[in-house]
There are 2 protein chains.
Amino acid sequence: MPKQTFLNLAEEKRQRIIEVALEEFASHPYSKASLSNIVARAGIAKGSMYQYFHDKKDLYIYLLDLAAKEKLAYIQKGVDPYANFFTLLEQIILAGIRFNLENPRLGQVVANAMEYKGEEVLQEFFERGKEMSLQFFEGMLQQARDRGTIRKDLDSRLLAYVLLGILGSGLSEYLLDTMGISRREFLTNTALGEKFSEEDLGRVTSKVIHLLRNGMEAKE
Amino acid sequence: MPKQTFLNLAEEKRQRIIEVALEEFASHPYSKASLSNIVARAGIAKGSMYQYFHDKKDLYIYLLDLAAKEKLAYIQKGVDPYANFFTLLEQIILAGIRFNLENPRLGQVVANAMEYKGEEVLQEFFERGKEMSLQFFEGMLQQARDRGTIRKDLDSRLLAYVLLGILGSGLSEYLLDTMGISRREFLTNTALGEKFSEEDLGRVTSKVIHLLRNGMEAKE
DNA sequence: CGGTCACATGACTCCTTAGTCACATTATAT
DNA sequence: ATATAATGTGACTAAGGAGTCATGTGACCG
């Protein structure tokens, strides 16, 4: 939790700090992200940072929490929770990648948290977040199974892992790849996400849904 | 490339260094992995390490290369390259997770390399490796498409990303999860992989194949 | 025995990091 | 105007990192 001081800050300043810090954590692994670097780029003193946050971990968790909440809100906004399973899943996937393209830093911070191994300080925290995502998908899958939308013999936990893997960053990576954009460019040049049209995203999403729905096998 | 000195080393000593270094790199992100730590645990002097390798990156790349080659060889050994697509894929998946369970450190080092973002020094190297894996799957997929095993309308590049995501570490994570083993335990206690029977692995693999083949949708 | 070469060593340099603290500045309230 | 509280500051500490180097050890060869 950030200290009260940070919350009292002028909107503009607070936002600047968040921006700069996000950029740092999006483009470096936690242990390599540098507070000295952040304060320099944000134009504030090192000591000030410690008036705002207890320590590096506190700052990071604040940002991660922020990013996760924004992404979640974004997805919920673009989704009809009463739609049938595949429609819902399609909307989730579409909103997920759109969010990542519109908010490269936020998206990257969340994606990193899902994948980073070996950051001992944060292990516990990451696991909680991952478990929450898994359970979300599991719930969705079980409901769809009860309703007969998907096959009964599917292992919903395993599927949740698969979905999370695809959603996590696989898809966004694929998209950047098709456009020949490196992640490095993507994080520094925020406007690059606009290269993707809504049709691009829709097409990719529907391919994924089609795959998940029908599988790969050619049926004669 | 390691220096000649390293290759001249007594087998036993060389192996010990490799073991210790692998453990360090498997359980810490590259930037946090510590040479001082490695040499201390391997019982050699810091200076000696620099008689063996040019620098940290050199050591890491040597290990990653080793791990990747071993995994590849392991998979090739357990696979019939003339089998049909789904059989081949099943064998690859099975061998892949078996390798990860039998060689936790090696498997983890490879998996980390696939996912780590923001390690600027290694970006280029990682991308080469990832691209190779993608192309391997793409080739496989295109061949299957030509033979009519899988549908023509599938995007093989996209599918390659999906497969890589599943293979990469998703499945091994799922397996550890089902047994309630944390990655941390798994990396320190090498024998833990034996908890999984060949049947466990076979069952999970066939579930994945079934999913990829037929999709999730309930067909009446 | 002496000399040469390969390998071993750990104290050392230099750098960067997270985090601190005594002090300066500004805002608020009386 | 004065007092009190809230913010801001950057030089500083301590710890740890990668990488170096002068010196030591031992093996082999003549």
Side-chain angles (χ1 to χ4, degrees), chain A residues 1-18 20-25 27-64 116 118-123 125, chain B residues 1-18 20-64 116 118-122 125:
Chain A
M1 265 195 329
K3 300 185 183 174
Q4 186 59 43
T5 316
F6 181 67
L7 305 172
N8 294 342
L9 241 44
E11 178 65 19
E12 192 270 332
K13 187 173 188 178
R14 205 173 60 233
Q15 215 50 47
R16 196 178 68 234
I17 293 171
I18 291 179
V20 171
L22 274 175
E23 189 180 342
E24 181 75 9
F25 281 109
S27 50
H28 301 90
Y30 174 78
S31 31
K32 215 184 171 187
S34 155
L35 283 189
S36 311
N37 204 358
I38 293 173
V39 295
R41 286 207 274 168
I44 62 174
K46 190 89 168 274
S48 297
M49 205 70 205
Y50 284 85
Q51 306 253 35
Y52 307 150
F53 297 93
H54 294 89
D55 53 22
K56 186 180 178 180
K57 185 178 166 188
D58 188 33
L59 166 62
Y60 175 70
I61 288 185
Y62 171 75
L63 294 171
L64 177 54
Y116 271 28
E119 296 282 11
E120 299 159 45
V121 214
L122 303 162
Q123 196 115 343
F125 192 80
Chain B
M1 266 193 330
K3 300 186 183 174
Q4 185 59 42
T5 315
F6 182 66
L7 306 172
N8 294 342
L9 241 45
E11 178 65 19
E12 191 270 330
K13 187 173 187 177
R14 205 172 60 233
Q15 215 50 46
R16 196 178 67 234
I17 293 172
I18 290 178
V20 172
L22 274 175
E23 190 181 341
E24 182 75 8
F25 281 108
S27 50
H28 301 90
Y30 174 78
S31 30
K32 214 184 173 186
S34 154
L35 283 189
S36 310
N37 204 356
I38 293 173
V39 296
R41 285 207 274 168
I44 62 174
K46 190 95 168 265
S48 296
M49 206 68 204
Y50 284 86
Q51 304 253 32
Y52 307 150
F53 297 92
H54 293 89
D55 53 21
K56 185 179 178 180
K57 184 178 166 186
D58 188 32
L59 166 62
Y60 175 70
I61 289 185
Y62 171 75
L63 294 171
L64 177 55
Y116 271 29
E119 296 282 9
E120 299 161 43
V121 214
L122 302 162
F125 192 79

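Residue numbers begin at 1 in each chain, while the letters A, B, ... track the order of the sequences.
- Closest approach of B/E119 and B/S31 over heavy atoms only: OE2-OG, 3.0 Å.
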Any protein N or O atoms within reach of nucleotides 13-18 of chain C? Criterion: under 3.5 Å, listing atom names and distances.
unit_1: C/dT17; atom_1: OP1; unit_2: A/S34; atom_2: OG; d: 3.3
unit_1: C/dA18; atom_1: OP1; unit_2: A/A33; atom_2: O; d: 3.1
unit_1: C/dA18; atom_1: OP1; unit_2: A/L35; atom_2: N; d: 3.4
unit_1: C/dA18; atom_1: OP1; unit_2: A/K56; atom_2: NZ; d: 3.2
unit_1: C/dA18; atom_1: OP2; unit_2: A/L35; atom_2: N; d: 3.0
unit_1: C/dA18; atom_1: N7; unit_2: A/K46; atom_2: NZ; d: 3.0

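- In terms of modelled atom types and a separation under 3.5 Å, the side chain of B/K32 and the main chain of A/Y30 share no donor-acceptor contact.
- In this structure the side chain of B/S34 never reaches within 4.5 angstrom of the side chain of B/H28, judged on heavy atoms.
- Atoms CE (A/M49) and P (D/dG10) sit 15 Å apart, rounded to a whole Å.
- Residues A/L64 and A/L122 form no side-chain contact, since every pair of their non-hydrogen atoms from C-beta on lies 4.5 Å or further apart.
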Could you go over nucleotides 22-25 of chain C and give all protein N or O partners under 3.5 Å, atom names and distances?
none

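- A 4.5 Å side-chain heavy-atom check between B/I18 and B/F6 finds at least one atom pair inside the cut-off.
- A sub-4.0 Å separation between OP1 or OP2 of D/dT9 and a side-chain N or O of A/S48 is present.
- Within the structure, every pair that satisfies the salt bridge (charged side-chain N to carboxylate O under 4.0 Å, His left out) test and touches residues 34-52 of chain A, not counting sequence neighbours, is listed here: A/E23-A/R41, A/E24-A/R41.
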query: Do A/I38 and A/F25 pass the side-chain contact (heavy atoms from CB on, under 4.5 Å) test, and can you show the C-alpha distance, the side-chain angles, and the key distance before you say yes or no?
result: CA-CA 9 Å; A/I38 293 173; A/F25 281 109; 4.0 Å; yes
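- Separating the NE2 atom of B/H54 from the C1' atom of D/dT20 is a distance of 15 Å, rounded to the nearest angstrom.
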- prompt: Given the rule in the side-chain contact (heavy atoms from CB on, under 4.5 Å) test, do B/M49 and B/I17 qualify, once you have shown the distances and angles that lead to the verdict?
  reply: CA-CA 9 Å; B/M49 206 68 204; B/I17 293 172; 3.9 Å; yes
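- Under 4.0 angstrom from either OP1 or OP2 of D/dA6 there lies no side-chain N or O belonging to A/N8.
- For the pair B/I17 CD1 and C/dC7 P, the computed distance is 12 Å after rounding to whole Å.
- Heavy atoms of A/Y52 sit under 4.0 angstrom from primed sugar atoms or phosphate atoms, though from no base atom.
- One atom, CD of A/Q4, and another, P of D/dA5, lie 17 Å apart when rounded to the nearest Å.
- Put simply, B/K13 has a side-chain N or O that comes within less than 4.0 Å of OP1 or OP2 on C/dA8.
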